Amino acid sequence: MRKIFSFVLAAVFTFAYEIKHENIGTLYHFIGYGDGDKFEVFIKKFDHPFENFKNKDIKIFPKFSGHIFFRGEKIDFDKGELEKNDGEISLSALSKWIKLDLNGKENGELSGKIALRGKSSKANATLKKERLLLAFALQHQNQARYEGLACDFYGSQITPKHKNTLGRILRNSLKTSIETSPQIDTNFIYENELLFENEHIRTACKSLNHKHKTCITVNQKNGKVLAFADIFNGNKKEQISKILKEAGLSLDAKFYLSPLGLCSNDDKCINFKQIKGLLKHNFALF
């Protein structure tokens with residue numbers, strides 16, 4: 001009986017959903033220096049705030065958020081603002097450990113201050129790149145307790161194909177949850193987040209309900225996912241294996257690259273200083 005109920009409910013859900021909110025946003029990438037130390041900022045700003053789920057325990061995407069790589073750390077933030085007006089940019093970002101305030105020309109240099117853990121530095125930065133963001137909020141028409149949210153990043157334009165793909169991911173994810181637990185309220189949040197990119201690599205992380213994170217790094221030239229063989233010198237395998245083992249990794253492990261180093265999906269990282277002499281390329285990361 002349970003299987004029959006699940007099948008019927010899933011079939012109804014396939015046709016009786018409503019995308020109640022479509023939100024476009026912009027992903028900004030700034031590169032700067034604080035007293036000579038490089039920092040990189042990735043900011044997500046949506047056009048509109050998202051409606052809360054009926055389940056208030058579910059954390060939805062804020063209108064403004066991002067992260068910054070600075071002095072060997074990655075700091076997340078969800079307070080601040082970014083304003084563009086008549087060729088001028090005003091940027092502020094704030095969390096418990098970071099405070100960033102910059103102002104300047106959109107096509108020139110921004111200047112101001114950056115403070116990490118209370119230590120303030122003079123800062124300057126430039127806007128490196130802009131991408132578009134798309135997010136969908138979905139609600140079952142007859143069962144308001146089924147709610148979902150999905151977000152992804154794109155290039156300079158969002159096509160109907162992008163919208164169809166993101167909508168399908170959200171619908172299928174909710175459908176699977178309903179088939180698995182039809183008697184339980186279903187809230188689903190999917191995100192494909194740009195963690196880091198430069199001219200050589202791009203690292204993106206997919207997550208479900210802010211957990212189950214999977215990150216990959218691709219080569220910007222050919223779009224292929226990087227493997228250990230693309231990074232390390234092959235004639236130093238024994239030395240490489242030893243370092244990876246000490247960090248709780250192996251040559252078979254999934255990994256990604258960022259300014260923090262070579263990291264696993266559970267965020268165990270090897271600083272580039274430890275493996276500098278073993279790498280084929282530095283990918284402009286140090």
Side-chain angles (χ1 to χ4, degrees), residues 19 21-32 38-50 60-69 74 76-78 80-85 87 89 91 93 102 105-110 125-138 148-173 189-208 213-226 230 256-259 281 283-285:
I19 292 180
H21 192 84
E22 177 183 307
N23 207 346
I24 303 294
T26 305
L27 175 61
Y28 299 91
H29 178 195
F30 291 87
I31 297 179
K38 187 177 183 180
F39 64 83
E40 301 204 36
V41 189
F42 294 84
I43 293 172
K44 294 178 290 186
K45 183 181 179 182
F46 288 97
D47 291 348
H48 307 284
F50 291 94
I60 61 171
F61 304 130
K63 183 179 178 182
F64 176 93
S65 65
H67 58 272
I68 180 169
F69 293 100
K74 173 183 174 284
D76 297 317
F77 55 83
D78 58 11
E81 187 54 271
L82 190 154
E83 295 290 346
K84 297 171 70 175
N85 188 24
I89 292 183
L91 167 63
L102 296 170
K105 298 290 184 182
E106 183 175 347
N107 296 319
E109 187 173 275
L110 287 72
T126 55
L127 176 58
K128 178 70 174 178
K129 191 171 185 176
E130 292 183 37
R131 287 177 173 272
L132 289 178
L133 297 164
L134 173 65
F136 283 149
L138 181 150
L149 187 60
C151 177
D152 206 341
F153 66 90
Y154 305 92
S156 59
Q157 60 180 326
I158 295 173
T159 68
K161 182 179 179 180
H162 293 148
K163 292 185 178 184
N164 290 338
T165 299
L166 189 61
R168 185 170 62 252
I169 289 172
L170 184 52
R171 291 193 300 270
N172 289 344
S173 298
I189 294 180
Y190 164 89
E191 181 175 19
N192 187 31
E193 178 185 30
L194 179 66
L195 178 70
F196 177 80
E197 79 171 331
N198 61 22
E199 62 271 28
H200 302 287
I201 61 168
R202 181 177 70 251
T203 297
C205 300
K206 294 181 180 180
S207 63
L208 305 177
K213 183 180 72 174
T214 302
C215 301
I216 60 170
T217 299
V218 301
N219 186 315
Q220 291 276 41
K221 290 184 178 180
N222 56 30
K224 292 183 178 180
V225 177
L226 290 183
D230 301 314
Y256 63 91
L257 300 179
S258 80
H281 311 284
F283 300 102
L285 285 166

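Keep in mind it's a predicted model, so treat the numbers as computed, not measured.
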- Task: Any chance you could lay out the salt bridge (Lys or Arg N to Asp or Glu O under 4.0 Å) test for E106 and K84, step after step, and finish with the verdict?
- Result: CA-CA 8 Å; E106 183 175 347; K84 297 171 70 175; 3.0 Å; yes

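- Contact record, I189 with F61: CG2-CZ, 3.6 Å, taken as the closest heavy-atom pair.
- The side-chain heavy atoms of R131 and H29, taken from C-beta on, include no pair separated by under 4.5 Å.
- The shortest side-chain heavy-atom distance between D152 and L134 does not fall under the 4.5 Å cut-off.
- No donor-acceptor pair under 3.5 Å is formed between the side chain of D76 and the backbone N or O of H67.
- Here the rule is side chain to side chain contact (heavy atoms under 4.5 Å, CB included) with V41, and of I68, I31, L82 only I68 fits it.
- What you find for P259 and L285 is that their closest heavy atoms are N-CD2, 4.0 Å.
- Donor-acceptor pairing under 3.5 Å is lacking for the side chains of Q220 and E199.
- Under the ring-ring contact (aromatic ring centres under 6.0 Å, His included) criterion, F46 pairs with F50, not counting sequence neighbours.
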- Task: Kindly determine whether K213 and E193 satisfy salt bridge (Lys or Arg N to Asp or Glu O under 4.0 Å), including the steps that lead there.
- Result: CA-CA 10 Å; K213 183 180 72 174; E193 178 185 30; over 6 Å; no

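- Distance OG/S65 to NZ/K45: 12.0 Å, rounded to 0.5 Å.
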- Task: Take L149 and L138 through the side chain to side chain contact (heavy atoms under 4.5 Å, CB included) test and state the conclusion after the steps.
- Result: CA-CA 6 Å; L149 187 60; L138 181 150; over 6 Å; no

- Message: Could you walk me through whether R202 and L194 satisfy the side chain to side chain contact (heavy atoms under 4.5 Å, CB included) test, starting with their C-alpha distance in whole Å, then the side-chain angles of each, then the deciding distance to 0.1 Å, before giving a yes or no?
- Response: CA-CA 8 Å; R202 181 177 70 251; L194 179 66; 3.5 Å; yes

For residues 158-166, which side-chain N or O atoms pair as donor and acceptor with protein atoms under 3.5 Å away, sequence neighbours left out?
residue, atom, partner, partner atom, Å
T159, OG1, K161, N, 3.4
T159, OG1, H162, N, 3.2
T159, OG1, H162, ND1, 3.3
H162, ND1, T159, N, 3.1
K163, NZ, E22, OE2, 3.1
N164, ND2, P160, O, 3.3
T165, OG1, K161, O, 2.9

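- Within the 4.5 Å cutoff, the side chain of I89 has heavy atoms near those of the L127 side chain.
- A salt bridge does not link K128 to E40: none of the charged side-chain nitrogens sits closer than 4.0 Å to a carboxylate oxygen.
- Heavy atoms only, all atoms of each residue included: S258 and F69 are closest at OG-CE2, 4.0 Å.
- E197 contributes atom CD, which lies 7.5 Å from atom CG of L27 (distance to the nearest 0.5 angstrom).
- The side-chain heavy atoms of H281 and H200, taken from C-beta on, include no pair separated by under 4.5 Å.
- A donor-acceptor contact shorter than 3.5 Å is absent between the side chain of T203 and the backbone of L195.
- Contact of the V225 side chain with the N219 side chain is not registered, since no non-hydrogen atoms from C-beta on lie closer than 4.5 Å.
- Atom CZ in F30 sits 9.0 Å away from atom OG1 in T126 (nearest 0.5 Å).
- With a 4.5 Å cut-off on side-chain heavy atoms, Y256 and I216 do not count as touching.
- N192 places no side-chain N or O within 3.5 Å of a backbone atom of F153 that could act as its donor or acceptor partner.
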- Task: Would you check, one step at a time, whether the test side chain to side chain contact (heavy atoms under 4.5 Å, CB included) holds for N23 with D47?
- Result: CA-CA 7 Å; N23 207 346; D47 291 348; 4.0 Å; yes

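- Counted within 6.0 Å of NZ on K206, heavy atoms from surrounding residues, nucleotides or ligands total 12 or fewer; the atom is thus considered open.
- K224 places no side-chain N or O within donor-acceptor distance of the main-chain N or O of V218, the cut-off being under 3.5 Å.
- In this structure the side chain of L257 never reaches within 4.5 angstrom of the side chain of F196, judged on heavy atoms.
- Annotation: side chain of Y190 is not in contact with side chain of S207 (no heavy-atom distance under 4.5 Å).
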